[in-house]
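Have a look at the structure below, then the notes.
So you know, we letter chains A, B, ... as the sequences are listed, proteins then strands, and number each from 1. Values below: all heavy atoms of this structure, side chains included; hydrogens, waters and symmetry mates excluded.
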Protein chains: 2
Amino acid sequence: MVTEREFLDGYDPRAYPALAVTVDVVTLTIRDGVLHVLLVERGEQPYAGRLALPGGFVREETLDQAALRELAEETGLLPRVHLEQLATFGDPGRDPRMRVVSVAYLAFAPRLPDPTVGGDAAAARWVPVDDATDLAFDHDAVLAAGLERARAKLEYSPLATAFVGEEFTIAQLRGVYTAVWGEEPHAGNFHRKVLSVPGFIEATGTTTERGGERGGPRSKLYRAGDARILHPALLRPTPEERR
Amino acid sequence: MVTEREFLDGYDPRAYPALAVTVDVVTLTIRDGVLHVLLVERGEQPYAGRLALPGGFVREETLDQAALRELAEETGLLPRVHLEQLATFGDPGRDPRMRVVSVAYLAFAPRLPDPTVGGDAAAARWVPVDDATDLAFDHDAVLAAGLERARAKLEYSPLATAFVGEEFTIAQLRGVYTAVWGEEPHAGNFHRKVLSVPGFIEATGTTTERGGERGGPRSKLYRAGDARILHPALLRPTPEERR
DNA sequence: AGAGTCCTTCTCAGATTGAGTTTATCTCCA
DNA sequence: TGGAGATAAACTCAATCTGAGAAGGACTCT
């Protein structure tokens, strides 16, 4: 906010050229073990033909509502989506047309159907994050910030459960960590750790109907617990070489 | 950012009433072992007489530059200040005059002199964070977010060194954790831990000139190392009751 | 039926942690 | 000047946690 003094001293409509505030959403999901991000293809200049994060102007609504609205318009999804503010990008010149300050959001969703082009949805599609390069505007940096946030939050928050369905196996949960971190945690230790963190997951008492596709026993099913933070945390292997 | 489609579909100057973007800065420092925040007293309505975070309009500059400029205008301080983006607050109605989207920043500074009222500085002063209540606008929430971020960052980043001078003792560093967490870490274990984290601090080879004010031997002096993250982390005592 | 998969549990040595103790150095005050 | 009290730094030790591996089944496919 701004103090009255600054408001009076500084305010001159001509001194502050038109300025827009938008939201952009980094929506992540996992498909076939690979982390994907939701992108839309731009039809017009600038950056025509390039991929970009879905987003749009903020209306008379909260920023959170704007992000949720954009996400819904683009994908038709609403339920079971974790949404959080990521960071704000506002360098002059990041949009060649005018000064645009963009509040970036980060969303996590379980596997979703391909966006239907019903409604006003542009050509939205899921793209493996490794292929999501050369995005329009400064969206490469926005995506990078989102990925780093996601990797870090898996360590100390029960976020991974937002990527899987209502009921899930520990192996599925491990698949989330593998996809996001790009590294597979030790299966046995992961199992022990996940079960020992209070409130992370709770057993349903049921198991899967079948074993794994390539064999193996049925697995027990779990649902998300009520913990908001993981304690102790599940730390990434090799955060960096020691010494 | 915004796609061209959305830009064309949605853009109508009258549909989007005037909107301002500001930065507000939560500046923290430690004085006499107590965490303080920099506040300015508002002279005019709304919220006349109330305390508020320093801030102002974003000009033709990056958001980071705007935050740094506001901080410098308010306090005259520039060197050795750690500054990072905190979060963006944009609820309609958070400013009664117009829609104002505020990008909040978080700054950490070693002990600084009282802001001189030279220049255009308003009545800025350091206030113990526990006394910083009933702030103008939604600044209570902004401050709360800043405090929580600071507490969390002490765990896994070498941020504490931003609160002390160029050279410091381990006891001073422990004082930072005590002030921010409101809880004193075990002195012996803190000592061991801080020295064992690679890159956190490095010895200068010198000691203080005198012992502590109430006795005790001279302490060794250290300076900040080059680590960007602490690994392993210094976890807060009692993050919550286990089980 | 056999080969291969993999969920789940177990083992174990090494590292880390929390709590407390020890030693020596220094300041303040009588 | 001689304590009394404070504290930086190092050490001790038991309890816990961690990483790495292996074992036991239960299940899939061919």
Side-chain angles (χ1 to χ4, degrees), chain A residues 33 155-156 164 167-178 181 183-198 200-222 230-243, chain B residues 33 155-156 164 167-178 181 183-198 200-222 230-243:
Chain A
E155 293 192 332
Y156 59 88
V164 294
E167 298 196 338
F168 52 87
T169 68
I170 291 185
Q172 285 170 357
L173 205 58
R174 179 157 44 87
V176 173
Y177 282 83
T178 303
W181 284 348
E183 207 167 355
E184 176 152 34
H186 180 290
N189 293 339
F190 182 85
H191 203 99
R192 173 183 60 191
K193 196 81 192 280
V194 158
L195 287 176
S196 76
V197 176
F200 190 5
I201 61 175
E202 47 191 42
T204 64
T206 57
T207 69
T208 52
E209 292 289 315
R210 298 179 25 103
E213 302 209 358
R214 283 170 302 203
R218 302 177 179 183
S219 4
K220 297 181 186 172
L221 286 169
Y222 298 85
L230 302 187
H231 193 80
L234 281 109
L235 298 180
R236 262 179 277 198
T238 333
E240 62 198 21
E241 268 56 52
R242 301 286 198 80
R243 290 168 196 280
Chain B
E155 293 192 331
Y156 60 88
V164 293
E167 299 196 338
F168 51 88
T169 69
I170 292 184
Q172 286 170 356
L173 205 58
R174 179 157 45 87
V176 173
Y177 282 83
T178 304
W181 284 348
E183 207 167 353
E184 176 152 33
H186 181 290
N189 294 340
F190 182 84
H191 201 99
R192 173 182 59 190
K193 195 81 191 279
V194 158
L195 286 175
S196 76
V197 176
F200 189 6
I201 61 175
E202 47 191 42
T204 64
T206 58
T207 68
T208 51
E209 290 290 315
R210 297 177 29 101
E213 301 208 359
R214 283 169 302 202
R218 302 176 179 183
S219 3
K220 297 182 184 171
L221 286 170
Y222 298 84
L230 302 188
H231 193 79
L234 281 109
L235 297 179
R236 263 179 277 198
T238 334
E240 63 196 22
E241 270 55 52
R242 300 286 196 81
R243 294 167 195 280

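Protein atom CZ of Arg174(B) is 15 Å distant from nucleotide atom P of dA6(D), rounded to whole Å. Counting to the nearest Å, the C1' atom of dA9(D) and the NZ atom of Lys193(B) are 18 Å from each other. For the pair Glu155(A) CD and dT18(D) P, the interatomic distance rounds to 13 Å; values are reported in whole Å. Summarising the geometry, the separation between CZ on Phe168(A) and P on dC7(C) is reported as 15 Å, rounded to the nearest angstrom. Separating the CD1 atom of Ile170(B) from the P atom of dA9(D) is a distance of 6 Å, rounded to the nearest angstrom. We find that CG of Leu235(B) is positioned 13 Å from P of dC17(D), with the value rounded to whole Å. Summarising the geometry, the separation between CD1 on Ile201(B) and C1' on dA8(D) is reported as 13 Å, rounded to the nearest angstrom. Nucleotide dC6(C) holds its P atom 16 Å from the CZ atom of Phe190(A), rounded to whole Å.
Applying the 4.0 Å criterion to OP1 and OP2 of dC29(D), one finds that Arg210(A) has a side-chain N or O inside that range.
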Polar-atom pairs under 3.5 Å, protein N or O versus N or O of nucleotides 23-25 of chain C: list them with distances, or write none.
from, atom 1, to, atom 2, distance (Å)
dT25(C), O2, Pro217(B), N, 3.1

Close N or O pairs between protein and nucleotides 10-14 of chain D (under 3.5 Å):
from, atom 1, to, atom 2, distance (Å)
dA10(D), OP1, Lys220(B), NZ, 3.2

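Of the two residues near DNA chain D, Gly211(A) and Ala233(A), the one whose nearest nucleotide lies more 5' is Ala233(A).
Nearest nucleotide to the side chain of Arg214(B), out of dA9(D), dT7(D), dT8(C): dT7(D). Which of dC29(D), dA9(D), dT8(C) sits closest to the side chain of Ala187(A) comes down to dT8(C).
Among all heavy-atom pairs drawn from Glu155(A) and Leu230(A), the shortest one is O-CD1, 3.9 Å. For Val197(A) against Pro232(A), the heavy-atom pair with the smallest separation is CG2-O, 3.5 Å. Between Pro185(B) and Thr178(B), the shortest heavy-atom contact is CD-OG1, 3.5 Å.
Residues Tyr177(B) and Phe190(B) place their aromatic rings such that the two centres sit under 6.0 Å apart.
The backbone N or O of Gly211(B) lies less than 3.5 Å from no partner atom in the side chain of Thr208(B), so there is not a single donor-acceptor pair. Remark: side-chain polar atoms of Thr204(A) are paired, donor with acceptor, to backbone N or O of Leu221(A) under 3.5 angstrom.
With respect to the salt-bridge test (charged N to carboxylate O, under 4.0 angstrom), the residues Arg236(A) and Glu183(A) do not qualify. Ion pairing of Glu209(B) with Arg218(B) is absent here, as no side-chain N (NZ or NE/NH1/NH2) approaches a carboxylate O to less than 4.0 Å.
Side chains of Phe168(A) and Ile201(A) form a contact here, defined as non-hydrogen atoms less than 4.5 Å apart.
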